[in-house]
Undergrad: 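Below is a structure I'd like to ask you about.
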Amino acid sequence: MTAQFPLVPTDHPTPPQTREEILADPGFGRHFTDHMATAVWSPDAGWHDQRVGALEPFTMHPGAAVLHYAQEILEGLKAFRHADGSVWLFRPELNARRFAASARRMVLPELDEETFVESVAALVRADEAWVPPYGGEQSLYLRPFMFASEAFLGVRPAQQVTYCVLACPAGSYFPNGVTGVTLWVSTTYSRASIGGTGAAKCGGNYAASLAPQREALGHGCEQVLYLGGEGRRSIDESGTMNVFFVTRDHQLLTPGLGTILDGVTRDSVLTLAAEHGLEPVQRTIDLDEMRDGFADGSMTEAFAAGTAAVITPIIGLKSDDFALTIGDGAPGKYTQQFRERLLDIQSGRAADTHGWMRRVL
Ligand code: COI
């Protein structure tokens, strides 16, 4: 497949005034731009028919395998407007690599890195008017995904696959994403097990998260904190985010890779840790260690990290047999520093010393 996604412009673009109204308060995932990037794969032709065209519904056979067996993967990344009007993607190569890893796990065809990045960049160029203005915390959220579109009810890898990228102007993922969230530590549900699909970004993982999410909401919490490992006693990740803990001894703890998602924001935070005087440590974190740590003050802050959620302070934890407030219930010092640092790099206010930004326009 060549890395080209030629534009076939929509003949019914959103009126500029409607677009401006949406951009004034986009929320998350509610509004879509005018175009989408697509490509189709079959064993004989490989990837073909790639283009950026009008956003429109798919015509799909009801026997399409994705509707029955959930052979599907997804990504999430963002485009940011800088003060000079230019538009940049944040570390799209990492999303491309994770997308390929997810494809291998779900036996979908891989897209090479260049094609993945170009599909996203071509959509951003087509829908440039939808990239929110510089100055706020808004961005254009990009959602590449791939699914089994072959009509076949036998359980085997699909012989026809569709790739698509959607774009949504995005504000905060959680309405109180800056002030902080409380997590429900679920002892009923787990997210992943060794050898399962926890490290793959596949739709089924998110479908399975809906019941625990409902459980969390029922306990007054915004999200779940999953347990994993032997006897389900160690911290895994949160619903849509990786988790971090700051210790009094200036360590930045996060669960090691394996069953969790290899988050792009997670990797960025680990890289930035030293700049904030913290030693990044990836290891198993026991539930009791976390509880005791916040009780005796050896753990001082907790936050979650994800593309959609950026850096979200964790201000409380609840479970069947405990409830604790972290610190004084307000976002911690390091949490705020990481959030600002990341947003400054992404929006061009800070020098891109790690070479993370990729210019699109
Ligand atoms: C992201 O942070 O980009 C995600 O994919 C989480 C999403 C399920 C909202």
Side-chain angles (χ1 to χ4, degrees), residues 70 72-76 94 98 101-102 104-106 174 181-219 221-247 251-267 269-270 280-295 298-299 301-309 311-314 316-324 326:
E72 189 265 0
I73 56 172
L74 66 146
E75 269 304 322
L94 290 197
R98 189 172 62 185
S102 300
R104 286 193 290 278
R105 178 63 181 85
M106 303 304 284
F174 292 109
V181 295
T182 299
L183 301 185
W184 173 251
V185 183
S186 179
T187 52
T188 316
Y189 299 102
S190 48
R191 178 187 166 274
S193 58
I194 293 158
T197 58
K201 204 161 170 68
C202 59
N205 286 349
Y206 294 88
S209 76
L210 298 176
Q213 167 74 2
R214 191 168 54 186
E215 187 187 62
L217 291 173
H219 287 91
C221 298
E222 283 86 355
Q223 259 298 351
V224 188
L225 180 60
Y226 291 101
L227 299 174
E230 286 286 313
R232 288 178 46 215
R233 294 301 297 171
S234 56
I235 307 302
D236 187 85
E237 67 176 48
S238 177
T240 57
M241 308 167 286
N242 299 118
V243 289
F244 287 87
F245 304 100
V246 180
T247 72
Q251 287 195 330
L252 180 67
L253 299 181
T254 197
L257 296 177
T259 59
I260 64 166
L261 204 67
D262 187 359
V264 175
T265 313
R266 175 185 181 278
D267 183 83
V269 167
L270 287 170
V281 179
Q282 305 180 55
R283 66 160 169 84
T284 301
I285 303 161
D286 196 75
L287 171 64
D288 292 335
E289 179 190 358
M290 181 193 78
R291 274 180 65 172
D292 296 349
F294 283 115
S298 55
M299 283 193 184
E301 289 184 35
F303 62 88
T307 296
I311 303 289
T312 297
I314 301 171
L317 293 162
K318 285 191 202 171
S319 192
D320 294 319
D321 58 351
F322 71 89
L324 55 90
I326 295 179

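Hydrogens, waters and symmetry mates are skipped; everything else that's a heavy atom, side chains included, is used.
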Undergrad: Heavy atoms, side chains only, cut-off 4.5 Å: are C202 and R105 in contact?
TA: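 No. Closest side-chain heavy atoms not under 4.5 Å.
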Undergrad: Using ring-ring contact (aromatic ring centres under 6.0 Å, His included) as the criterion, list what pairs up with F244, not counting sequence neighbours.
TA: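 F244 satisfies ring-ring contact (aromatic ring centres under 6.0 Å, His included) with F303 only.
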Undergrad: Considering non-hydrogen atoms only, spot the tightest contact between A309 and M241 and give its length.
TA: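 So the minimum-distance heavy-atom pair works out to CB-SD, 3.4 Å.
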Undergrad: Provide the closest heavy-atom pair for M299 versus F245 in the form atom of the first, atom of the second, distance.
TA: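 Scanning both residues completely, I find the closest heavy atoms to be SD-CB, 4.0 Å.
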Undergrad: Could you grab the distance from atom OG of S186 to atom CG of D320, nearest 0.5 Å is fine?
TA: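 S186 atom OG to D320 atom CG measures 8.0 Å (nearest 0.5 Å).
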Undergrad: Taking the basic N atoms (NZ, or NE/NH1/NH2) and the acidic carboxylate oxygens, is any pair closer than 4.0 Å for R98 and D267?
TA: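 Here R98 does not pair with D267 in a salt bridge, since their nearest N and O are not under 4.0 Å apart.
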Undergrad: What distance do Q251 atom CD and R283 atom CZ have between them, rounded to the nearest 0.5 Å?
TA: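 Interatomic distance, Q251 CD to R283 CZ, rounded to 0.5 Å: 6.5 Å.
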Undergrad: Which heavy atom in E222 sits nearest to a heavy atom in T182, and how many Å separate them?
TA: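 Reported closest heavy-atom pair: OE1-N, 2.8 Å.
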Undergrad: Under 3.5 Å, which donor-acceptor pairs link side chains of residues 252-264 to any protein atom two or more places apart or in another chain?
TA:
from	atom 1	to	atom 2	distance (Å)
T254	OG1	V243	O	2.5
T259	OG1	D236	OD1	2.9

Undergrad: What closest approach, in Å, do Q223 and S238 show between heavy atoms, and which atom pair accounts for it?
TA: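 Taking every non-hydrogen atom into account, CB-OG, 3.8 Å.
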Undergrad: So L183 and C221, do their side chains get closer than 4.5 Å, heavy atoms only?
TA: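 In short, these two side chains do not touch, never coming nearer than 4.5 Å.
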Undergrad: Within the side chain of S234, is there an N or O that forms a donor-acceptor pair under 3.5 Å with the backbone of G228?
TA: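 Indeed, once roles are kept as given, a pair shorter than 3.5 Å links the two residues.
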Undergrad: Looking at CG of L227 and CZ of R191, how far apart are the two atoms once the value is rounded to the nearest 0.5 Å?
TA: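 Reported to 0.5 Å precision, the distance equals 12.5 Å.
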Undergrad: N205 versus T197: any side-chain heavy-atom pair under 4.5 Å?
TA: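 Side-chain contact under 4.5 Å: yes.
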Undergrad: How long is the straight-line distance from CZ of F322 back to CE of M290, given to the nearest 0.5 Å?
TA: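 So the CE of M290 and the CZ of F322 are separated by 4.5 Å.
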Undergrad: For residues E75 and K201, report the shortest heavy-atom separation together with the two atoms involved.
TA: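 Shortest heavy-atom contact: OE2-CD, 4.0 Å.
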Undergrad: Going through the checks in order, is the side-chain contact (heavy atoms from CB on, under 4.5 Å) test met by L317 and F294?
TA: CA-CA 10 Å; L317 293 162; F294 283 115; 4.3 Å; yes
Undergrad: Can you tell if the side chain of T284 reaches within under 4.5 Å of the side chain of E230, non-hydrogen atoms only?
TA: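 Answer no - side chains too far apart.
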Undergrad: Is the shortest side-chain heavy-atom distance between V224 and S209 below 4.5 Å?
TA: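 Not touching, per the 4.5 Å side-chain cut-off.
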Undergrad: Looking at I194, I'd like to know if its CD1 atom is crowded, meaning that more than 12 non-hydrogen atoms belonging to other residues, nucleotides or ligands lie closer than 6.0 Å.
TA: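 No, CD1 of I194 has 12 or fewer neighbouring heavy atoms, counting only those of other groups under 6.0 Å.
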Undergrad: Looking at R232 and T188, what are the two nearest heavy atoms and their distance?
TA: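 In this case the closest contact between R232 and T188 is NH2-C, 3.5 Å.
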Undergrad: Quick one: pull up CZ in R233 and CG in L287 and give me the separation to the nearest 0.5 Å.
TA: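 One gets 4.5 Å once the value is rounded to the nearest 0.5 Å.
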Undergrad: Is the backbone N or O of V185 less than 3.5 Å from a side-chain atom of S319, with the two atoms forming a donor-acceptor pair by type?
TA: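 It does hold such a pair.
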